[in-house]
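Here is the structure we will look at, set down as structure tokens.
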Amino acid sequence: MKRKYQLSIAYLVIALLGISLYHLWTSSKITEDPAYTKGVVNKLYKIRATPYYSYSYNVDEKTYEGESKQYGEYKSLQIGDTITVYY
């Protein structure tokens, strides 16, 4: 029983490591060859006193939505503002 438990934990650690490495690899691909477009701020809101914003943008005639924390240059956003979106 103890051996099965140890194997389960080992498989879980390996899976989590693999997922983490995959996300790291895909995020580095964005920094190697970034594509960007303009987005529009749709909503401003807070979660536990942390300011967030949601936005929409178009790529190849498809509309996408995203959200992010407000910090740095985005601290003073207003609804309708234009932002740069990297994808």
Side-chain angles (χ1 to χ4, degrees):
M1 181 78 168
K2 187 176 180 182
R3 177 94 171 131
K4 286 183 182 179
Y5 180 71
Q6 289 174 338
L7 279 175
S8 297
I9 290 176
Y11 289 138
L12 180 63
V13 168
I14 291 169
L16 290 174
L17 181 62
I19 291 168
S20 298
L21 289 174
Y22 173 77
H23 285 290
L24 181 64
W25 178 74
T26 56
S27 67
S28 70
K29 298 285 285 178
I30 290 174
T31 58
E32 287 175 9
D33 186 24
Y36 60 92
T37 188
K38 295 294 179 182
V40 177
V41 176
N42 299 326
K43 184 178 174 185
L44 302 171
Y45 57 98
K46 290 185 179 185
I47 298 176
R48 296 185 185 169
T50 302
Y52 287 83
Y53 63 97
S54 64
Y55 56 91
S56 60
Y57 61 99
N58 296 314
V59 175
D60 296 331
E61 298 181 15
K62 287 187 179 181
T63 300
Y64 298 91
E65 294 184 359
E67 58 186 36
S68 186
K69 289 181 183 179
Q70 283 183 258
Y71 58 92
E73 66 183 279
Y74 296 121
K75 267 190 166 175
S76 61
L77 283 176
Q78 301 294 319
I79 293 175
D81 284 353
T82 302
I83 61 170
T84 302
V85 178
Y86 295 92
Y87 63 96

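What you see below is based on every heavy atom in this structure, not just the backbone, and it leaves out hydrogens, waters and symmetry mates.
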TODO: Measure across Q70 and Y53 and return the closest heavy-atom pair with its distance rounded to 0.1 Å.
DONE: CG-CD2, 3.4 Å

TODO: Might you point out which heavy atoms bring S56 and T63 nearest each other, and give the distance in Å?
DONE: CB-CG2, 4.3 Å

Open item on the list: Working to the nearest 0.5 angstrom, can you tell me the gap between I14 CD1 and I9 CD1?
Closed with: 12.0 Å

Open item on the list: Within the 4.5 Å heavy-atom criterion, are T84 and K38 side-chain neighbours or not?
Closed with: yes

TODO: Answer yes or no: is there a side-chain heavy-atom contact under 4.5 Å between N58 and T37?
DONE: no

Mind checking side-chain contact (heavy atoms from CB on, under 4.5 Å) for [X] and listing every partner two or more places apart, or none if nothing turns up?
X: D81; result: V41, L77, Q78
X: Y52; result: Y45, I47, T50, K69
X: L16; result: L12

Task: same_hphob_cluster(Y36, V40) at 4.5 Å side-chain heavy-atom cutoff - done: no

